[in-house]
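Note sheet for the following structure.
The first residue in the sequence is number 1, and the count goes up from there. In this text the structure is predicted, and so the values were computed from the model without any measurement.
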Amino acid sequence: MRYDLVVFDNDGVLVDSEPISNRLLAGYLTELGHPTSYEESLRDYMGSAMHRVHDIVLERTGRRLPEDFDDVFHGRVFAAFERELEPVPGAVGVLEKLAADGVAYCVASSGSHERIRVGHRKTGLDRFFDDGRIFSSQDVGKGKPAPDLFLYAAERMGVAPGRCVVVEDSPLGVEAAVAAGMDVYGFTAMTPAWRLAGAGRLFGDMAELADLLAD
């Protein structure tokens, strides 16, 4: 394989959480007097850390979100995960193939460590990810589109950025990976291909990824 490390985004790439979390985010923002549709939530917040939600709402309205916003939102999300969350179709097979072939991989997510672990535990993906393979924007303090998270993950995994490939489904994530000097494969299952135009390759079925990486 041409890469020494495969870096996965988590939400929407490994776990099918984007429909759940963006539905709940749009609903909660609307409750608080910031009318937001599901489509607008995907457009503005998909792939971003929570601080971006706060920043955008403040910039647009001049009003701050409540201090307990993150806790309330995550409580709703985790409860919904327990009821609804599934792995992205094809993700288990890709991880099994990488593990069998001895290819290094990790996850680098805008989500908190707790969110990542809750999702992995519910979907059974926790068997592929020990603590040394999980990296969160919490670790660097600056989420995507800054390159910090991907650079941190590569450093911790002992791989040069130029030998890494990132699997992303959000424009913010693609931007961050490019800024980190990494190749990017854009996953178009939920995101229009034109929004991931910065990616070197685009694909729409996670089951295709292992073969694409071997090309």
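- Residues Arg63 and Val57 have side chains not in contact (no heavy-atom distance under 4.5 Å, counting atoms from C-beta outward).
- Between Asp44 and Arg52, none of the side-chain N atoms (NZ, or NE/NH1/NH2) sits under 4.0 Å from a carboxylate O, so this pair counts as no salt bridge.
- Of the possible donor and acceptor atoms, one in the side chain of Asp130 sits under 3.5 Å from a partner among the backbone N and O of Gly132.
- Between the CG atom in Leu5 and the CZ atom in Arg156 there is a gap of 13.0 Å [rounded to 0.5 Å].
- Taking CG from Leu85 and NE2 from His120, the interatomic distance works out to 9.0 Å, rounded to the nearest 0.5 Å.
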Check the pair Phe129 / Tyr105 against ring-ring contact (aromatic ring centres under 6.0 Å, His included), numbers first and verdict last.
CA-CA 9 Å; Phe129 292 96; Tyr105 63 87; 5.4 Å; yes
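- Follow the hydrophobic side-chain contacts under 4.5 Å out from Val88 and you reach Leu212 in the same cluster.
- Taking both residues in full, the closest heavy atoms of Gly111 and Ile116 are given as O-CD1, 3.8 Å, listed atom of the first, atom of the second, then distance.
- Glu84 has a carboxylate O that lies under 4.0 Å from a charged side-chain N of Arg23, or vice versa, which qualifies the two as a salt bridge.
- Side-chain contact between Glu82 and Val118 is present, with at least one heavy-atom pair separated by less than 4.5 Å.
- Side chain of Asp139 to main chain of Ser136: a donor-acceptor pair is present (N/O by atom type, distance under 3.5 Å, no hydrogens or angles).
- Distance check, rounded to the nearest 0.5 Å: CZ of Phe81 to CZ of Arg115 gives 4.5 Å.
- A 4.5 Å side-chain heavy-atom check between Val13 and Met206 finds at least one atom pair inside the cut-off.
- One N or O on the side chain of Ser137 and one on the backbone of Ser110 form a donor-acceptor pair closer than 3.5 Å.
- Ring geometry for Phe78 versus His74: interplanar angle under 30°, hence parallel rather than tilted (30 to 60°).
- Between the side chain of Asn22 and the backbone N or O of Glu18, at least one donor-acceptor pair lies under 3.5 Å.
- Rounding to the nearest 0.5 Å places CG of Asp70 at 3.5 Å from NE2 of His54.
- Taking every heavy atom of both residues into account, Pro192 and Met190 meet most closely at CD-O, 4.0 Å.
- Side-chain atoms of Val7 and Phe150, non-hydrogen and from C-beta on, do get closer than 4.5 Å to each other.
- Neither Val53 nor Met46 shares a network with the other; the hydrophobic side chains, linked directly or stepwise wherever heavy atoms of I, L, V, M, F, W or Y lie under 4.5 Å apart, form separate groups for each.
- Val178 and Val167 sit in two unconnected hydrophobic clusters of ILVMFWY residues. Membership requires side-chain heavy atoms under 4.5 Å apart, directly or through other members.
- Using bins of under 30°, 30° to 60° and over 60° for the plane-to-plane angle, the ring pair Phe69/Tyr28 lands in the parallel bin.
- In this structure, the side chains of Tyr38 and Pro19 come closer than 4.5 Å at one or more pairs of heavy atoms.
- Linking Ile, Leu, Val, Met, Phe, Trp and Tyr residues whenever their side-chain heavy atoms come within less than 4.5 Å leaves Val6 and Leu151 in two separate clusters.
- A donor-acceptor pair is defined here as one N or O able to donate and one able to accept, closer than 3.5 Å; such a pair exists between the side chain of Gln138 and the backbone of His113.
- In this structure, the side chain of Thr191 does not engage the main chain of Ser170 through any donor-acceptor pair within 3.5 Å.
- Side-chain contact between Met157 and Phe135 is present, with heavy atoms from C-beta onward closer than 4.5 Å.
- Between Ala199 and Gly186, the closest heavy-atom pair is CB-N, 3.6 Å.
- Salt bridge status for Arg117 with Asp131: present, with a side-chain N to carboxylate O gap under 4.0 Å.
- Scanning both residues, Lys144 and Ala108, for their nearest heavy atoms gives NZ-O, 3.2 Å.
- Using a 3.5 Å distance cut-off with no hydrogens or angles, the side chains of Tyr3 and Asp183 do pair a donor with an acceptor.
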Check against side chain to side chain contact (heavy atoms under 4.5 Å, CB included), Arg127 and Leu95
CA-CA 10 Å; Arg127 65 189 171 104; Leu95 293 169; over 6 Å; no
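- Residues Val92 and Leu125 have side chains in contact (heavy-atom distance under 4.5 Å, counting atoms from C-beta outward).
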Step-by-step side chain to side chain contact (heavy atoms under 4.5 Å, CB included) determination, Met182 to Val165
CA-CA 6 Å; Met182 302 178 180; Val165 61; over 6 Å; no
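- For the residue pair Asp11 and Ser17, a side-chain donor N or O sits within less than 3.5 Å of a side-chain acceptor on the partner.
- Arg76 has a carboxylate O that lies under 4.0 Å from a charged side-chain N of Glu31, or vice versa, which qualifies the two as a salt bridge.
- Closest approach of Leu202 and Ala193 over heavy atoms only: CD1-CB, 3.8 Å.
- A donor-acceptor pair under 3.5 Å links the side-chain atoms of Arg163 to the main chain of Arg2, judged by distance alone.
- Of the possible donor and acceptor atoms, none in the side chain of Glu155 sits under 3.5 Å from a partner among the backbone N and O of Tyr152.
- Of all heavy-atom pairs spanning Gly119 and Val15, the tightest one is O-CG1, 4.1 Å.
- Around CZ of Arg64, the count of heavy atoms belonging to other residues, nucleotides or ligands within 6.0 Å does not exceed 12.
- Put simply, Leu14 and Leu213 are part of the same group of oily side chains (I, L, V, M, F, W, Y) that touch within less than 4.5 Å, one to the next.
- Listed for the Ser48 side chain is a donor-acceptor partner under 3.5 Å among the backbone atoms of Tyr45.
- With contacts defined as side-chain heavy-atom distances shorter than 4.5 Å, the pair Thr188/Leu196 qualifies.
- The backbone N or O of Glu86 sits nowhere less than 3.5 Å from a side-chain atom of Thr123 that would complete a donor-acceptor pair.
- Note that OG of Ser41 is 9.5 Å distant from CG of Leu24, once rounded to the nearest 0.5 Å.
- A distance of 9.0 Å separates CG of Leu209 from CZ of Phe187, quoted to the nearest 0.5 Å.
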